Every structure is written in C-alpha cells, then in structure tokens.
K.L.:
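The structure under discussion is supplied below as structure tokens; questions concerning it will follow.
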Amino acid sequence: MAEGRHGGQILVDQLTLRGVRRVFSVPGESFLAALDGLYESDIENIVCRHEGGAAMMAEAQGKLTGTPGIVFVTRGPGATNAAAGLHVAKQDSTPMIAFVGQIARAHRDREAFQEVDFTAFFEPLVKWSAEVRETDRLPEYIARAWNIALSGRPGPVVLSLPEDMLSDVASVADIAPIPPAMTRPDHSDFARAALKRLARARRPLIVAGGSGWSAQSADDLQVLAETLDIPVAVTFRRQDHMDNRHDAYVGDLGVGMNPLLGQRLAQADVVLALGTRLGESATAGYSLFDPTAPDTRGALIHVHPDPNELGRVHAPLMALAAPVADVLADLAAHAAPIANSRIWTAEARADYEVWQEPVPSPGSLQQEKVVGWLSEHLPEDAIVTNGAGNYAAWLHRYFRFKRYGTQLAPTSGSMGYGLPAAIAAKLEYPDRTVVCLAGDGCLQMTINELSTAAQYGAAILVLVVNNGRYGTIRMHQEGTYPGRISGTDLFLPDLVMLARAYGGFGATVTQNSDFPGAMRDAMDCGTLAVLDLRVDSQALATARTLDEVRAAGYARQPASAKGAE
C-alpha cells in the first residue's frame, strides 16, 4: 500500500502516470490541494483568464494529441463558465477531462456558497459526470474517466471534487493506465465486402469526418481514394483529414458548402461514411441525405467507433463499430484498382476547382485575397484556428489544408474558440506557425486570453476580420427582417495598442497590397502579433454583399409587409 498522500497529490500522480504534460486552469480555493499536487510535478499548469478559455484550450489539446485535455476549474461560476468548452468537446468528439472543485461534503444540500449539483448539471453535456466522495477512490475514478473519455466516440468527462475530500489523506495504490492492445480485430471481411460495393458503384462518395484520425489514416484515405478513383468529401471543419491538393479531394460538406458538392451527396449511389455521424451540417439539415427516405438505406456504408451511433439517425446497409484509423488501414491494404477511371470523380474535382476560384468581395482589403495568401505562403505544417462567424466561410472555401493536424475549429460553431485553441497549439508545438483567424465579435468572446498568450510566450498570429458587426447574425437578420437592425453592431478596441500593451506586435491593414508585408512582419516579430484587418462593411458573405442579402430579404417579404415599409 502506498504511504499516505492528500487527494490532490493522488490526483496529480494519476495524471503523471498517464503522461499528462500540461493542464489548463483558473485557480480556485476549492481545489488548493490539487494545485499543491502540481507544485512539485513535471506537469505544466497554464493559468488562464476565464474558465471558458481554459476549457477551450484543453479541448484543443485533446484534438491535437488524441489524449484527454485536462482543465481544472472551481465550483459555481467557475464550473458553469467552463461549460462552453465542454460543449465543444462533446459535439467535436474530443477526449477531455474537467476537474471541478466542489463544496465540502458536510455542506451539501444546504445551498452553501456556490453549491451546484455538478453531476446533474453536466450530465447532458458530457459522456460521464460523477462526484468523488472518498479520497481513496480517486485512482479508480480517474482511471474510469480517462478510459471513458477515449472509448467509442471520444468526448468530455467531468469529475466533481469536494474540497475536504481533496485535502484528506489516504493510503491507496495508483492505478496504472490500460496498456495498448497487443492485437486489433481483423476487419478484412468487412473491408472486402465494402470494397466490392464501392467498385461496382457508378456514383460513389467517401465522406470523412469525426475524431480519432492520424497522419497515417489521412495517408490511408488518400491511397484508398487513388486506388478506387473515388471522390472524397470531408465534413464541417475536418478539412485537414486529406490533402486538399489531391485530385480526389472534392471539398467540405458543411455550412456554406459548394452546392454542386451537396448535389453529389444527394446523387451518390454508395456513400462510405468514415468517422462522421452525417449530421445536420454535412447534410444541409438532413435534406441531402434524408434518414427518412427509403432510397438512402441502400446507399450507406457506415464506419464509426461508437456502436450507439450506427443506425441512430441513418439506417446503413453495412455498418462497423471500430476505430476509423484501423478500418482505413484494412481498406487501403485490400483495395484493388478499378478497370476504368470514373468521370464522376474528375467532374467532382472540377467542381471544387471552380469553387476555389475567388469571387471578388467589395472593399480595398478582400478576405479571399488574405486567405489565398495564407494558403499559398504559410508552411505546410502551420496550424490554423478559428471560431464561428461569417469570416470563417472565406477560410473554408479558399484555404487548402495540406496535412493532418493543421486545422483547429469547433464543429459546434462556438464563438471565441480560435484564440484559446491557437494558444494551446503554440504551447504544444512551439516551433510551428500558428495562425488564429477571428472575427471582431468572435475574438472579443475570449480576448482576455491574449494575456495568457503573453504570460507563457505563445507567439501566435491573430488575424482579426474587423467589420464592426456580428456578421452571421446580421446576414440572417437582413434576410428575415431586412433593414431592421437590432443588436448586431459592435465596438472593437484599438487592437494595435492592445497588442502592444501585451508586449506584442500590432498593425492595421486596409489594402490588399499591404497584407503580405504586414503578415511577414508579424511572422518575424517573435512575439504575440495581432493584425487588424479592416474589411468593407458590405463584405457579408463569400458570394453576396450586405445590400444583396437585404434586397433578397425584401423580395421575400409578403405584400403587406412591403406596404408597411
């Protein structure tokens, strides 16, 4: 039996056993023992400015490493603030563990200071939520939390830690992590059957998405697509699952997708869905691949790590619950070239190339030019992050991702994600270029984390698309209630002065011709850098101006409403 340790030390020892090198936190008195346990450990504690930012950093760490990102937050408002990052992890299938400080056990059910039933509060947001009430059971709970976060469809777990439990001393043995499996199941029979159907198909489509991918699985996907001459589409914000320059890559199924690609999903006679749930974003609200339509059943071969996802929405003809990386390895190994090239694949790629041709937006600084420059000049292993907003549509449409692990973005559509994710990425890969593209509204959700970047020397490049509004909401507002502007205008502080206040580099860009020089200065400065990109207020979407959206909104209004105007 191990000699007595307080709960905080027991907890940190379990994380050390599992190879955790970094955690994110906002300190609180409810988990002082855990902070004490971190004091002499080799685990780096990144102290953030807000629990939402800390949770998003932990989620990004989980995305980058494939192992659970770890966040510590305090009770009450600290925990509820962290909910935004946990929601990202749930919808993005990212392994993550949140340790939440809790009131003393003897004070429960009295509405004590900052008391919340965290097991109940987080239950709908995470894979598992529990409270550890006995110090000597900490190794058991942490081992279970680690395994649940990684098993099946990965996701977030919450452990609530009463402060007196955490400070109590116990003599308990550590629980070592489960060793890697020596063998994996043989998926050869499934692979051969799936390949036969794909080879016979006239209009096959591979749809790649979800988590659990690696550089090797991205390579295997490319081999599979080349061998069978099948087009590959990726789901929303999973564009780094395949080199976008490859002839078989045909674009992303998500918000603002190429309409011609959406049509191909609807027309496909066999869809091989790898890791994706084929959710709302990928199917345009389930209209392109309708789970209620009888003709879709015979079209779907579904591979997903969680058996509960198979048949939950779409009824597949063939289904396999297995890690997508393992199945891809078998598919690539057993694939044989088809007799004739598919014009279907060449046409789909041609549609993508046309979609990539820039549509000029109004103003002297154009986002298609900015993103085009980034795509052409950033290193191939540069990590690009973003949150939510119409500005991201230019990134999705015009940036070509070249390697796996270079895109960090929330499929949940969470604003504020880009900046915390960029900080986590730079801390994990200090020698790689990390660029955060953010809207002025998106950035201000977590702008205080610039202080975290400065404190830990995270020399990220933050590009702020500044149009003075919540662009996505304004677009919908103009389309539904044209000309009736309410709640969508924004104020933005002087970003150049703000960057300098944090010891970084700042510059304002108003012309296309000035962007390359400003970007190179930012990349060479060696510190945090912020570029204020002043875009035209008319640049509301990649293919429509504000006035065009408003005019379309007016055209849709009933005659009575037009008369009122």
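What's counted below: heavy atoms across the whole structure, side chains too, no hydrogens, waters or symmetry copies. Just so we're clear, the structure is a prediction, and the values are computed from it rather than from any experiment.
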K.L.:
Going by heavy atoms in the side chains, are His187 and Val303 under 4.5 Å from each other?
P.N.:
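They are not in side-chain contact.
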K.L.:
Pair Val435, Leu463 - check side-chain contact (heavy atoms from CB on, under 4.5 Å), show working.
P.N.:
CA-CA 7 Å; Val435 176; Leu463 278 57; 4.0 Å; yes
K.L.:
Does Arg237 reach the main-chain N or O of Gln407 with its side chain, forming a donor-acceptor pair under 3.5 Å?
P.N.:
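Checked: no pair found.
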K.L.:
Evaluate whether atom OH of Tyr39 has more than 12 neighbouring non-hydrogen atoms of other residues, nucleotides or ligands under 6.0 angstrom away.
P.N.:
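Atom OH in Tyr39 is not crowded, with 12 or fewer foreign heavy atoms closer than 6.0 Å.
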K.L.:
Quick one: does Val384's side chain get under 4.5 Å of Phe401's, heavy atoms only?
P.N.:
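They are in side-chain contact.
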K.L.:
Using a 3.5 Å cut-off and no angle test, enumerate the donor-acceptor pairs between side-chain atoms of residues 59-68 and protein atoms at least two apart in sequence or in another chain.
P.N.:
residue: Glu59; atom: OE1; partner: Lys63; partner atom: NZ; Å: 3.2
residue: Glu59; atom: OE1; partner: Tyr417; partner atom: OH; Å: 2.5
residue: Glu59; atom: OE2; partner: Lys63; partner atom: NZ; Å: 2.6
residue: Glu59; atom: OE2; partner: Thr94; partner atom: OG1; Å: 2.6
residue: Gln61; atom: NE2; partner: Glu428; partner atom: OE1; Å: 3.0
residue: Lys63; atom: NZ; partner: Asp92; partner atom: OD2; Å: 2.7
residue: Lys63; atom: NZ; partner: Tyr417; partner atom: OH; Å: 3.4
residue: Thr65; atom: OG1; partner: Gln61; partner atom: O; Å: 2.8
residue: Thr65; atom: OG1; partner: Thr67; partner atom: N; Å: 3.2
residue: Thr65; atom: OG1; partner: Thr67; partner atom: O; Å: 3.3
residue: Thr65; atom: OG1; partner: Thr67; partner atom: OG1; Å: 3.0

K.L.:
I need the His50 NE2 to Ser451 OG distance, nearest 0.5 Å.
P.N.:
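If we round to the nearest 0.5 Å, His50:NE2 and Ser451:OG are 14.0 Å apart.
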K.L.:
Hey, what do you get for CG (Asp220) to CG (Leu328), rounding to the nearest 0.5 Å?
P.N.:
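These two atoms lie 6.0 Å from each other.
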K.L.:
Determine whether a donor-acceptor pair (N or O, by modelled atom type, separation under 3.5 Å) exists between the side chain of Thr276 and the backbone of Ala273.
P.N.:
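Between the backbone of Ala273 and the side chain of Thr276 there is no qualifying donor-acceptor contact (under 3.5 Å).
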K.L.:
To the nearest 0.5 angstrom, please state how far the CG atom of Asp174 sits from the CD1 atom of Ile10.
P.N.:
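Between atom CG of Asp174 and atom CD1 of Ile10 there are 8.0 Å.
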K.L.:
I'd like to check the salt bridge (Lys or Arg N to Asp or Glu O under 4.0 Å) partners of Arg75; sequence neighbours left out, ordered by chain and number.
P.N.:
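Only Glu29, Glu163 meet the salt bridge (Lys or Arg N to Asp or Glu O under 4.0 Å) criterion with Arg75.
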K.L.:
Taking side chain as C-beta onward, heavy atoms only, is Val530 less than 4.5 Å from Leu498?
P.N.:
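No - every pair of side-chain heavy atoms lies 4.5 Å or more apart.
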K.L.:
Backbone N or O of Ala218 within a donor-acceptor pair of the Gln222 side chain at under 3.5 Å?
P.N.:
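Checking the backbone N and O of Ala218 against the side chain of Gln222, no donor-acceptor pair under 3.5 Å is found.
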K.L.:
Please step through side-chain hydrogen bond (donor to acceptor under 3.5 Å, both in side chains) for the pair Gln444 and Asp440, ending with a clear verdict.
P.N.:
CA-CA 6 Å; Gln444 290 187 90; Asp440 45 359; 5.8 Å; no
K.L.:
Describe, in one word, how the ring planes of Trp373 and His377 are oriented to each other, choosing from parallel (under 30°), tilted (30 to 60°) and perpendicular (over 60°).
P.N.:
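Aromatic pair Trp373/His377 classed parallel.
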K.L.:
Supply the atom-to-atom distance Leu35 CG to Phe72 CZ, rounded to the nearest 0.5 angstrom.
P.N.:
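The distance works out to 8.0 Å.
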K.L.:
Measuring only between side-chain heavy atoms, which start at C-beta, is Gln367 closer than 4.5 Å to Val465?
P.N.:
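Counting from C-beta outward, Gln367 and Val465 do come under 4.5 Å.
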K.L.:
Could you pull out the closest heavy-atom pair between Glu131 and Ser160, with the gap in Å?
P.N.:
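Scanning both residues, the minimum pair turns out to be OE1-OG, 3.1 Å.
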K.L.:
Would you say the side-chain atoms of Arg105 pair up with the backbone N or O of Arg133, donor to acceptor, closer than 3.5 Å?
P.N.:
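Checking the backbone N and O of Arg133 against the side chain of Arg105, a donor-acceptor pair under 3.5 Å is found.
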K.L.:
For the residue pair Thr452 and Ile46, establish whether any side-chain heavy-atom pair is separated by less than 4.5 Å.
P.N.:
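Yes, their side chains come closer than 4.5 Å.
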K.L.:
Is the closest side-chain heavy-atom distance between Ile178 and Asn147 below 4.5 Å?
P.N.:
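Yes - at least one pair of side-chain heavy atoms lies under 4.5 Å apart.
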K.L.:
Main chain of Phe118, side chain of Ser129: is a donor-acceptor contact present, judged purely on distance under 3.5 Å?
P.N.:
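Indeed, once roles are kept as given, a pair shorter than 3.5 Å links the two residues.
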K.L.:
With side-chain hydrogen bond (donor to acceptor under 3.5 Å, both in side chains) as the criterion, how do Ser93 and Arg153 come out once you've worked through the C-alpha distance, each side chain's angles and the decisive distance to 0.1 Å?
P.N.:
CA-CA 6 Å; Ser93 304; Arg153 176 186 172 188; 2.7 Å; yes
K.L.:
Quick one: do Arg49 and Glu449 satisfy salt bridge (charged side-chain N to carboxylate O under 4.0 Å, His left out)? Show the steps, please.
P.N.:
CA-CA 6 Å; Arg49 301 303 171 261; Glu449 300 302 345; 5.5 Å; no
K.L.:
Looking only at heavy atoms, which two atoms of Pro154 and Gly152 are closest? And how far apart?
P.N.:
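Of all heavy-atom pairs spanning Pro154 and Gly152, the closest is CD-O, 3.1 Å.
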K.L.:
Kindly indicate whether the side chain of Met523, heavy atoms from C-beta on, has any atom under 4.5 Å from the side chain of Leu461.
P.N.:
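Met523 reaches Leu461 side chain to side chain.
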K.L.:
Can Val464 and Leu531 be said to form a side-chain contact (heavy atoms from CB on, under 4.5 Å), step by step?
P.N.:
CA-CA 6 Å; Val464 186; Leu531 296 185; over 6 Å; no
K.L.:
Which pair of heavy atoms, one from Leu150 and one from Pro95, lies closest together, and at what distance?
P.N.:
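Looks like CD2-CB, 3.8 Å.
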K.L.:
Examine distances only and state if a side-chain atom of Asp36 and a backbone atom of Leu32 form a donor-acceptor pair shorter than 3.5 Å.
P.N.:
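Not a single qualifying donor-acceptor pair exists.
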K.L.:
Using 4.0 Å as the upper bound for N to carboxylate O, is an ion pair formed by Asp306 and Lys127?
P.N.:
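Result for this pair is no, no salt bridge flagged.
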K.L.:
List the steps, then state whether salt bridge (charged side-chain N to carboxylate O under 4.0 Å, His left out) holds for Asp13 with Arg5.
P.N.:
CA-CA 10 Å; Asp13 287 346; Arg5 297 168 288 173; 2.7 Å; yes
K.L.:
Do you know the tightest heavy-atom contact between Val73 and Ala79?
P.N.:
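Heavy atoms of Val73 and Ala79 come nearest at CG2-CA, 3.9 Å.
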K.L.:
Does Arg144 count as lying over the ring of Tyr141, i.e. NZ or CZ under 6.0 Å from the six-ring centre, within 45 degrees of the axis?
P.N.:
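Pair Arg144/Tyr141 does not count as cation-pi.
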K.L.:
Examine distances only and state if a side-chain atom of Thr446 and a backbone atom of Gly416 form a donor-acceptor pair shorter than 3.5 Å.
P.N.:
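Such a contact is found between Thr446 side chain and Gly416 backbone.
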K.L.:
Between Phe399 and Lys402, is there a cation-pi geometry (under 6.0 Å to ring centre, at most 45° from the normal)?
P.N.:
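Verdict for Phe399: a cation-pi partner in Lys402.
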K.L.:
Using a 4.5 Å cut-off on heavy atoms from C-beta on, say whether the side chain of Tyr456 contacts that of Glu44.
P.N.:
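Glu44 vs Tyr456: side chains touch.
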K.L.:
How close do Val26 and Phe31 get, counting heavy atoms only, and between which atoms?
P.N.:
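Nearest heavy atoms, Val26 then Phe31: O-CZ, 3.4 Å.
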K.L.:
When you measure from the side chain of Gln239 to the backbone of His396, do you find a donor-acceptor pair of N or O atoms at a distance under 3.5 Å?
P.N.:
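Yes, the answer is positive, given that a donor and an acceptor are paired below the 3.5 Å cut-off.
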K.L.:
Walk me through whether Leu419 and Met445 qualify under side-chain contact (heavy atoms from CB on, under 4.5 Å).
P.N.:
CA-CA 9 Å; Leu419 178 58; Met445 291 279 184; over 6 Å; no
K.L.:
Walk me through it: do Leu161 and Leu138 pass the test side-chain contact (heavy atoms from CB on, under 4.5 Å)?
P.N.:
CA-CA 9 Å; Leu161 310 170; Leu138 273 165; 4.1 Å; yes
K.L.:
When rounded to the nearest 0.5 angstrom, what distance separates CE in Met56 from CE in Met96?
P.N.:
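CE of Met96 is found 9.5 Å from CE of Met56.
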K.L.:
Under the ring pair (Phe, Tyr, Trp, His ring centres under 6.0 Å) test against His241, which residue among Tyr249, Phe236, Trp213 passes?
P.N.:
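Per the ring pair (Phe, Tyr, Trp, His ring centres under 6.0 Å) rule, the option paired with His241 is Trp213, out of Tyr249, Phe236, Trp213.
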K.L.:
Within the side chain of Asn244, is there an N or O that forms a donor-acceptor pair under 3.5 Å with the backbone of Met242?
P.N.:
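Checking the backbone N and O of Met242 against the side chain of Asn244, a donor-acceptor pair under 3.5 Å is found.
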K.L.:
Which pair of non-hydrogen atoms, one from Leu221 and one from Ala208, has the smallest distance, and what is that distance?
P.N.:
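Here Leu221 and Ala208 meet closest at CD2-CB, 3.9 Å.
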K.L.:
Do the side chain of Asp136 and the main chain of Ala170 share a donor and acceptor less than 3.5 angstrom apart?
P.N.:
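The answer is no, because no donor-acceptor pair under 3.5 Å joins these two groups.
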K.L.:
Indicate whether the side chain of Gln91 and that of Ser412 have a donor and an acceptor atom separated by less than 3.5 Å.
P.N.:
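The answer is no; no qualifying pair exists.
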K.L.:
Say you draw a straight line from SG of Cys436 to CG of Leu443; how long is it, rounded to the nearest 0.5 Å?
P.N.:
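Separation between the atoms: 6.5 Å.
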